[in-house]
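Chain letters run A, B, ... following the sequence lines, proteins first, then strands; residues in each count from 1.
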2 protein chains.
Amino acid sequence: MEENNSSEVAKDLDEETLFVVSQTFKALSDPTRIRILHLLFHKEMSVNSIAETLHLRQSTVSHQLRFLKNLRLVKFRREGTTLYYSHDDEHVMHMLKQTIDHACHN
Amino acid sequence: MEENNSSEVAKDLDEETLFVVSQTFKALSDPTRIRILHLLFHKEMSVNSIAETLHLRQSTVSHQLRFLKNLRLVKFRREGTTLYYSHDDEHVMHMLKQTIDHACHN
DNA sequence: TGTGTATATTAGTATATATTCATATAATAA
DNA sequence: TTATTATATGAATATATACTAATATACACA
């Protein structure tokens, strides 16, 4: 008689799962990325407008957006030379929102 | 007429909130800490048994447990010279579990 | 073709982090 | 007391990370 593997005995996690999970949380572990994702909660924004709004260098924002894009947490659409970024992972955004609500009492 | 602050306009997050949120996710962003917390899902465990189970040095486990304890993600009880650690934050453990389930298809 | 604008990339640097070894502390038993 | 066991701590090191300045690329338009 076997138990369902998610109960009773904790198997060690396989390497791929560990990597994906740790990378996901790493994305949310940096104040700059949190601020960027927080901006993208309700609307899409261009790289420059994100930079201006948050008082960050264009280069800094672009680097962090690449990080988030690699994890498929954001996506973009092009309009001329402007790239509009928006969030692309409901689960992660929900976790972020909940944790922010939990942390700040506004 | 003011909107509820959580709608329409995204205010920038205050520094304290950013710190708390980023630290919370940082706790979950390291494979070693994930493995430790994963072990503590269902039971309490001593430092040495965690180290043995995960094939880690006692020192490594102790350092990471201190990190987790500072964030109040784990607590411990003493029995003689042995300290039994267990998880102490349902919200964080729930996020971790969900993200693991989402990442691995076992 | 050139010019201007928006974004991406590269390389360098400073800081943060995880691990390890060696040692310290704490509780217990003999 | 001394010895033993379990855990914590401090210092050193290697790696990872975030930011910046400078430059490259991509697109639009004259």
Novice: Mark up nucleotides 10-23 of chain C, 5' to 3', with B wherever a protein heavy atom is under 4.0 angstrom from a base atom, S wherever such an atom reaches only the sugar-phosphate, and - elsewhere.
Specialist: B------SSSBB--

Novice: What is the distance from CZ of Arg77(B) to P of dA6(D), rounded to the nearest Å?
Specialist: 15 Å

Novice: Output all residues satisfying side-chain contact (heavy atoms from CB on, under 4.5 Å) with Glu52(A), sequence neighbours left out; order by chain, then residue number.
Specialist: Asn48(A)

Novice: Rounded to whole angstroms, how far apart are CG on Asn70(B) and P on dA8(D)?
Specialist: 12 Å

Novice: Using a 4.0 Å cut-off on heavy atoms, which residues in residues 78-88 of chain A reach DNA chain C? List them by number, or say none.
Specialist: Thr81(A), Thr82(A), Leu83(A), Tyr85(A)

Novice: Going by the rule side-chain contact (heavy atoms from CB on, under 4.5 Å), which residues pair with Thr53(A) if we only count those two or more places apart in sequence or in a different chain?
Specialist: Leu39(A), Met45(A)

Novice: For Ile50(B) and dA6(D), give me the distance from atom CD1 to atom C1', rounded to whole Å.
Specialist: 13 Å

Novice: Over how many whole Å does the gap from Met45(B) atom CE to dT7(D) atom C1' extend?
Specialist: 15 Å

Novice: With a cut-off of less than 4.0 Å, is there a side-chain N or O of Asn48(A) near OP1 or OP2 of dT5(C)?
Specialist: no

Novice: What pairs of residues pass the salt bridge (Lys or Arg N to Asp or Glu O under 4.0 Å) test when at least one of them lies in residues 65-77 of chain B, not counting sequence neighbours?
Specialist: Glu44(B)-Arg77(B), Lys75(B)-Asp88(B), Arg77(B)-Glu79(B)

Novice: With Ser49(A), which residues qualify under side-chain hydrogen bond (donor to acceptor under 3.5 Å, both in side chains), at least two apart?
Specialist: Ser46(A)

Novice: Test of understanding: with ring pair (Phe, Tyr, Trp, His ring centres under 6.0 Å), list the residues that count as partners of His94(A), not counting sequence neighbours.
Specialist: none

Novice: Tell me, which pairs form a ring-ring contact (aromatic ring centres under 6.0 Å, His included) where one or both residues lie in residues 64-89 of chain A, sequence neighbours left out?
Specialist: Phe76(A)-Tyr85(A)

Novice: For Thr99(A) and His91(B): C-alpha separation, side-chain torsions, deciding distance, then whether side chain to side chain contact (heavy atoms under 4.5 Å, CB included) applies.
Specialist: CA-CA 9 Å; Thr99(A) 305; His91(B) 172 235; 3.5 Å; yes

Novice: Would you mind listing every side-chain hydrogen bond (donor to acceptor under 3.5 Å, both in side chains) that reaches into residues 20-34 of chain A, with sequence neighbours excluded?
Specialist: Arg33(A)-Gln64(A)

